[in-house]
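Some notes on the structure that comes next.
We count ligands from 1, going down the list as the structure has it; atoms in each ligand are counted the same way. Worth knowing before you read on, the calculation uses all heavy atoms, side chains too, and leaves out hydrogens, waters and symmetry mates.
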Amino acid sequence: MNILVVGGGGREHAIIMKLAESPKVDKLYCTPGNGGISRYAECFNVGATDIEGVVKLAKELKPDMVVVAPDDPLVLGMVDALQAEGFRTFGPKKDAAIIEGSKVFSKELMKKYKIPTAGYEVFSDSESAIKYVKEQNTYPTVIKADGLALGKGVILAQSEEEAVEAIKSMIDGKQFGDSSSTVVIEEFLTGPEVSVLSFTDGKTVVPMISSMDHKRALDNDEGLNTGGMGTVAPNPYYTEDIAKECMEKIFLPTINAMNKEGRTFEGCLYFGLMLTPKGPKVIEYNCRFGDPETQVVLPMLDHDLAEIFEAIYDHRLADLDIKWKSGCCTCVVMASGGYPVKYEKGIEISGLDDKGQVEGAFVYHAGTKLSDGKFLTNGGRVLGVTCNALTLQGALDKSYEAVKKISWKDEHHRSDIGQRALKALHNDPLDLEYKQDMEDYIEENGVYLRQ
Ligand code: AMP
Ligand code: GLY
């Protein structure tokens, strides 16, 4: 098979490396790709949101399959355009990708089909939105732009003042253009977060190994929200009991709901969950592989990824017996100084080789450019230094050892990736309290009592 992957970040690098392991795969193409990807796939200059350009490129390359990885082209309908030209394409069509493309759609879907999520109201004029938050008078409160906003469309307002400011800048100030002309205001939930990516062909849903993202820019979950500064898999909070409950109350109901709405979802459906004291609830859906979740999930996959993509396209996912490796995988993101706000590009990276100069490590490129044989920074998130090992501590130690060997001017990374997960494993007092809450919940609801 020759496969074309659309996208150019760390997630796409991880998809390419997994596809490269497949005995079925002959040649890999990627557009636009990046410096690191260009060593494993032939890269092209067509942007990931350029639907016409990608269709034209596919007509020239005639790949056996196209994989559309990022959110924007999926929401814009790139899969529909490629399938209309006869290309076997992995990813949801536009009418299903709306599950990420519109928060109003996803919240209404969950309400209609009784899928657990935070309570909410929808507003398109700032006056009524402000009146509502003042009446509620409960902080923090959560304000979300309806549409895609580069991962920046969620404000956790700590006070009335912050809520009013967020509402005004989203609705009146068009902070995210049309994406924020409608907002969702929702209840603030608490509890550990879990990312569960799943394969689905609309009939069967196969959850992948769970993971934990670290969204804030700085240590101790301080600083601004980012696309993700690091990940670990599996997520220790996601026990077998919780996984069963999620399958019954969230995963299957979501797949069925999309079918009932005539919007069958085929591809990778990402469940962003919060394990609240009242049980697991959906924080968000993404219509694609997460970034940097993919960098820790796919290395743990013990199955041919190309075969999975084909099975999903042919609606025979149920025939596969997908297995996962044991152990843990960790990814530490190395970013440009100033990310996620303002940062320089084009800085030379030193000490970089694919294998991270540490046994078992691998460096996925998120934003790099290869110029005259040298790697230069070319984005906010630059590298995802990844390692698997039998234990979480072992994987983290190796990831950080590999991070130490790489440097560039103003490089920034979090030094506490995986610490919360380690605490969960070691039952620190805060987590014991949480565990008690979950057990009380499970007992009250009569589900999946531990033996
Ligand atoms: P999202 O972009 O929807 O993933 O939201 C970004 C982050 O905001 C999430 O990962 C959560 O940490 C936080 N968040 C979103 N919705 C809520 C909520 N209802 N309650 C508490 N935190 C939330
Ligand atoms: N890491 C979160 C996302 O991909 O949206």
Side-chain angles (χ1 to χ4, degrees), residues 7 9-12 14-15 69-72 74-75 97 99-107 110 116-121 133 136 138-158 163 166 170 176 179-180 183-197 208 210-217 221-233 235 237 268-278 280-298 331 333 335 340 364 366 380-381 384 414 417 420:
R11 161 185 53 207
E12 289 75 13
I15 293 171
D71 48 359
D72 320 41
L74 291 167
V75 170
I99 200 166
E100 173 170 4
S102 165
K103 296 237 192 271
V104 174
F105 171 85
S106 69
K107 294 299 285 190
M110 289 186 267
T117 188
Y120 73 100
E121 292 292 334
V133 291
Q136 295 282 306
T138 321
Y139 301 97
T141 187
V142 186
I143 299 159
K144 299 185 170 182
D146 174 39
L148 297 182
L150 299 168
K152 295 183 189 152
V154 175
I155 302 289
L156 307 177
Q158 304 292 340
M170 283 198 198
F176 303 107
S179 280
S180 65
V183 301
V184 170
I185 300 185
E186 70 179 34
E187 170 199 11
F188 179 80
L189 300 175
T190 55
E193 287 183 54
V194 184
S195 305
V196 180
L197 283 58
M208 301 183 214
S210 62
S211 55
M212 183 193 285
D213 193 5
H214 298 67
K215 285 208 162 100
R216 307 286 285 270
D221 290 330
E222 285 169 14
L224 293 171
N225 252 330
T226 70
M229 294 298 292
T231 33
V232 305
N235 184 323
Y237 289 102
C268 171
L269 181 54
Y270 167 131
F271 299 89
L273 307 172
M274 197 174 265
L275 308 180
T276 78
K278 291 190 176 154
K281 296 195 179 186
V282 177
I283 288 284
E284 62 162 350
Y285 292 113
N286 289 327
C287 64
R288 51 171 173 88
F289 284 99
D291 189 340
E293 284 89 344
T294 309
Q295 290 88 314
V296 289
V297 168
L298 288 185
C331 171
V333 170
Y364 293 112
R381 291 187 292 176
R414 276 181 61 161
I417 299 301
R420 177 121 202 237

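When ring centroids are compared, Tyr285 and Phe271 come within the 6.0 Å threshold.
Near ligand 1, residues Lys103, Ala118, Val142, Lys144, Val154, Leu156, Glu186, Glu187, Phe188, Leu189, Glu193, Lys215, Met274, Ile283, Glu284 come within 4.0 angstrom through at least one heavy atom. At a heavy-atom cutoff of 4.0 Å, ligand 2 is surrounded by Asp213, Gly227, Tyr270, Asn286, Arg288, Gly290, Asp291, Pro292, Glu293.
Residues satisfying the side chain to side chain contact (heavy atoms under 4.5 Å, CB included) criterion with Ala149, sequence neighbours excluded, are Phe176. Legend: residues meeting side chain to side chain contact (heavy atoms under 4.5 Å, CB included) with Ala366, ordered by chain and number and at least two apart, are Arg381.
No donor-acceptor contact under 3.5 angstrom links the side chains of Glu187 and Tyr120, judged on distance only. Remark: the Glu293 side chain and the Ser211 side chain contain no N/O donor-acceptor pair separated by less than 3.5 Å.
Between the CD atom in Gln295 and the OH atom in Tyr364 there is a gap of 7.5 Å [rounded to 0.5 Å].
Counting only distance, with no hydrogens or angles, the side chain of Thr294 and the backbone of Asp291 share no donor-acceptor pair below 3.5 Å. Remark: side-chain polar atoms of Asp213 are not paired, donor with acceptor, to backbone N or O of Thr231 under 3.5 angstrom.
Counting only heavy atoms from C-beta outward, the side chains of Ile15 and Phe289 approach each other to under 4.5 Å.
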